[in-house]
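Not measured: the values here are computed from a predicted model. Order of the sequence lines fixes the chain letters, A, B, ..., with proteins taken first and strands second; residue numbering starts at 1 for each chain.
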Amino acid sequence: MSKTTVTIGLASCGVASGALPVAEELERLLAGREDVEIKKVGCIGYCYMEPLVGVERDGKNYTYGKVNVEILRRIVDEHVNGNKIVKEHLILTDGTGKQDSDSGSENSRMEKQVRIVLRNSGLIDPKNVDEYIAREGYQGLAKAVQKMSRDEVIKEVLNSGLRGRGGAGFPTGMKWRFARDAKGTQANASNPNGTDKYMVCNADEGDPGAFMDRSVLESDPHSVIEGMTIGAYAVGASHGVIYCRAEYPMAIQHLDIALGQAREWGFLGKGILGDPDFDFDIYVKEGAGAFVCGEETALIASIEGQRGMPRPRPPFPANSGVWKKPTNINNVETYANVPWILLHGAEAFNRYGHGRSKGTKVFALAGKIKKGGLAEVPMGMPLREVIYDIAGGIENDRKFKAVQLGGPSGGCVPEHLLDTPVDYESINATGAIMGSGGMVVMDEDTCVVDVARFFLAFVQKESCGKCPFCRVGTKRMLEILERITRGEGVLEDIDKLLSLAEQIKDGSLCGLGQTAPNPVQTTLKYFRDEYIAHIVEKKCPAKVCAALIRYSIDPSRCIGCARCSKVCPVKAISGEVKNPHHIDEEVCVRCGLCKKTCPVSCIELSSGDTDPKASVA
Amino acid sequence: MTAAIAGTISNLETRLTPIIERYRGKVGVAIPLLADVQKEIGYVAEEAVEYVGTELGISAAELFGVATFYAMFRFQPQGKYVVRLCRGTACHVQGSGRVAEQLERSLGIHDGETTEDLMFTLQYVACLGCCSLAPVMLVGNDVHGRLTPEKAVAVLEDLRKAQ
Ligand SMILES: Cc1cc2nc3c(=O)[nH]c(=O)nc-3n(C[C@H](O)[C@H](O)[C@H](O)COP(=O)(O)O)c2cc1C
Ligand code: SF4
Ligand code: FES
């Protein structure tokens, strides 16, 4: 019998879903088996189906979802030992899967994707460099260093049309050219502009709701290291820094392991791949949790050990970055694309794409959707297809309301714009931005005014405080939004918000302040009615804003079971057993626990129908 | 002055010397240095910062300037379990606000505070990168996903009972 490999996904999402006990059981069940190998892999993006277990044999690959210890025992028993597929838990069939009668229930989700960045994620053991190498790893680097000049590498990246995946979408090849042209010291024959330059990877991923960088670093760290090293060759850098947030311990651990292996293999260090003039090494710098540190100049300050305060540009990092040396900064996903581009060519890359956006984009799908996780799609796929076909549509089949793109710098895209293709320009035209690729989907039970308030609170807290407009202006906006969500807004507030938005955009030094008003502007543009409902009718249509909602008990249906009064954390519910109960609205904190507990659904949630205060008996 | 400092936190000098040696003569070390101090002492204690600062020739004001800027640094002793509740977008949309309220009520503390019995420190964080399991909290190193207010409280109650 040929060798069988059983994979288990152990990225953060897998571990959080309970993959560790499954992995332990797997090791116990297969201990001492020569014919079966266990492979600990990262994440294939099917986070909603974790823990994931795969069985590979004879070039065929089957993945099972939501595996617990019992299901695992069946898989080992029936599939690994008995060669019989456990159909009801099968989610994905690879390889020859399509023509198989036993194709997995989630196959179509994979078929819609094009995986360049995620080419290895979930398939290889991130701690094992051999597996990376077996899948074309470091061949892009070898081709660049051994067969191409530095100019040719830059040209290839430029021709590919690759643009930065960290938010702004600046052409990567152009950035590299600036850094190459910058004058550094320590010139040598092949590198007259000098080599003491910095190649920095921005792995701060400060945008809440985005997790693709974490997943790539955990699942395929070598692809980022290889991309950075190719970049270092092209611009002539000798120092590399990966700035990774400390909240990602597994990413940091996997990076450290991978860096050690890359050094051992001669992909990092002195005279890389036989080029005597190419010395380059990378170290990991842990961030310390400040959103603004993702901004390039703040990131540089933070690498130098200072407070992460942005500074005005110019000088640009390309000319004066880390320790005043020429510095190139790219995002994790940007670098992960590079080895593939070098190996397969610019043309292969820009065969995918739409308009001026080439290649693919990885999206982090979260919010009120059925299938949260990661997906890599060709640029240009309509939002609707991403949300309905890949993310599975709205949870509990509620109605779609908006999708938030680009995090605190982005905006909410409403239903009527769902056919917008995902490319930088089309997304910008809606008022949102592509950003780093976080998509948080909202349904009719989400209040967009509350969401705008949420983002303002976020940027207000994260502003470094240097620019008065960013510091004070966002605070004013937040105060107004808080008033509106409390039902104390007035119509003039809308104009005030809009004019503050303009002032903050004009008066801020860095991207944080310049984009902070976006969530408010887009929600005002597409959901002005909801603001008006809060202000004029004192009503929260989504029934979210605590001050504008009320819980009440329908006495005709209440059976007096008293369960609600037991769960109420503030003792707002009174009544005798077997008699209708009553909620004291003055005491009620609107947590909704009673409504969830009531066995006969007699507790009603309403907003604006009556004035909550007036109805207190 | 070292003797006076060493009085408040036991063995301050012995505990900090290896850290100081690690960073002596290096530049741009404020963040990892503070992180190591925090790991050793449990928080960024004033006397510890003054001590390492004097030894390394970095002013305490500069170190505090850096420490207060970043969310990862704490200035108070911490509870046995640090409860990091995600208040990121995905978690917010999935109801982490209600979870936060309920945790605050049941623990009797707010963001950044520690319970009197030193069992729990509550901390709100921007995103744990597990958005597909929202709402999420990290207790120690364990991620708890798909939280409800009741479930979150139950997790902590179980920990307390296990004492
Ligand atoms: C406030 C702020 C936060 C940012 N956070 C990040 C981040 O977490 N990760 C990232 O890659 N880029 C972030 N950026 C964008 C970076 O400054 C920079 O444009 C990017 O890293 C460049 O890489 P790219 O060209 O490969 O996209 C942020 C920008 C701003 C203004
Ligand atoms: S815009 Fe805001 S975050 Fe950016 S430098 Fe100014 S105050 Fe700091
Ligand atoms: S928003 Fe909570 S884990 Fe990302």
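- B:Cys127 and A:Pro208 get closest at one heavy-atom pair: CB-CA, 3.6 Å.
- The contact between A:Phe458 and chain B is made entirely by side chain atoms (from C-beta outward), counting heavy-atom distances below 4.5 Å.
- Residue A:Asp213 does not touch chain B at all, counting heavy-atom pairs closer than 4.5 Å.
- Residue contact with chain B, scored on non-hydrogen atoms closer than 4.5 Å, involves the side chain of A:Lys285 exclusively.
- Among A:Met442, A:Glu205, A:Lys368, the residue with the largest count of heavy-atom pairs under 4.5 Å with chain B is A:Lys368.
- Heavy-atom neighbours of B:Lys151 NZ from other residues, nucleotides or ligands within 6.0 Å: above the threshold of 12.
- For chain B, no part of A:Ala364 is nearby; none of its heavy atoms comes within less than 4.5 Å.
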Run the side-chain donor-acceptor check on residues 102-109 of chain B: report pairs under 3.5 Å with partners two or more places apart or on a different chain.
from, atom 1, to, atom 2, distance (Å)
B:Gln102, OE1, B:Arg105, NE, 3.4
B:Gln102, OE1, B:Arg105, NH2, 2.7
B:Glu104, OE1, B:His110, ND1, 2.8
B:Glu104, OE2, B:Tyr124, OH, 2.5

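- For the pair B:Phe69/A:Cys464, a side-chain contact is recorded, criterion being any heavy-atom separation below 4.5 Å from C-beta on.
- Interatomic distance, OG1 of B:Thr89 versus CG of A:Asp207, reported as 6.5 Å (0.5 Å rounding).
- If you measure heavy-atom distances from A:Ser302 to chain B, the contacts under 4.5 Å come from both the backbone and the side chain.
- Closest of all the heavy-atom pairs between A:Gly287 and B:Met72 is O-SD, 3.9 Å.
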(request) Would you check, one step at a time, whether the test side chain to side chain contact (heavy atoms under 4.5 Å, CB included) holds for B:Val93 with A:Phe454? (result) CA-CA 10 Å; B:Val93 168; A:Phe454 167 82; over 6 Å; no
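- Comparing A:Gly367, A:Ala290, A:Ala366, A:Cys47 by how many heavy-atom pairs each has under 4.5 Å with chain B, the most go to A:Gly367.
- Sparse packing is recorded around CG of B:Asn141, with 12 or fewer heavy atoms of other residues, nucleotides or ligands lying under 6.0 Å away.
- In this structure, the portion of A:Glu395 lying under 4.5 Å from any heavy atom of chain B is its side chain and not its backbone.
- In terms of non-hydrogen atom pairs under 4.5 Å with chain A, the most contact-rich of B:Gly97, B:Ala67, B:Pro149, B:Gly88 is B:Gly88.
- Interface remark: of the candidates A:Ser12, A:Ala16, A:Gly372, A:Ala11, A:Ala16 forms the most heavy-atom pairs closer than 4.5 Å to chain B.
- Remark: B:Asp111 engages no residue in a salt bridge (charged side-chain N to carboxylate O under 4.0 Å, His left out) (not counting sequence neighbours).
- Counting only heavy atoms from C-beta outward, the side chains of A:Asp450 and B:His92 approach each other to under 4.5 Å.
- With values rounded to the nearest 0.5 angstrom, B:Gln94 atom CD is found 8.0 Å from A:Thr446 atom OG1.
- Only the backbone of A:Val441 comes within contact range of chain B, judged by heavy atoms closer than 4.5 Å.
- Heavy-atom neighbours of A:Lys324 NZ from other residues, nucleotides or ligands within 6.0 Å: at or below the threshold of 12.
- No side-chain donor-acceptor contact under 3.5 Å links A:Arg307 to the backbone of B:Tyr70.
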Side-chain atoms of residues 30-37 of chain B: list all donor-acceptor pairs with protein atoms under 3.5 Å, sequence neighbours left out, distances to 0.1 Å.
from, atom 1, to, atom 2, distance (Å)
B:Asp36, OD2, B:Arg22, NH1, 2.7
B:Asp36, OD2, B:Tyr23, OH, 2.8

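- A:Gln306 contributes atom CD, which lies 7.5 Å from atom CD of B:Glu62 (distance to the nearest 0.5 angstrom).
- Of the two parts of A:Leu374, neither the backbone nor the side chain holds a non-hydrogen atom closer than 4.5 Å to a non-hydrogen atom of chain B.
- Of the atoms belonging to A:Cys293, it is side-chain heavy atoms, and not backbone ones, that fall under 4.5 Å from chain B.
- Only the backbone of A:Val544 has a heavy atom closer than 4.5 Å to any heavy atom of chain B.
- Within 6.0 Å of the CD atom in B:Glu21, the count of heavy atoms belonging to other residues, nucleotides or ligands exceeds 12.
- Against chain A, the residues from residues 128-137 of chain B that qualify, each with a non-hydrogen atom under 4.5 angstrom away, are B:Leu128, B:Gly129, B:Cys130, B:Cys131, B:Ser132, B:Leu133 in number order.
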(request) Go through A:Glu247 and B:Val125 one step at a time and tell me if the side chain to side chain contact (heavy atoms under 4.5 Å, CB included) criterion holds. (result) CA-CA 9 Å; A:Glu247 287 89 337; B:Val125 297; 5.6 Å; no
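- Between chain B and the options A:Gly308, A:Cys13, A:Gly209, A:Cys591, heavy-atom pairs under 4.5 Å are most frequent for A:Gly308.
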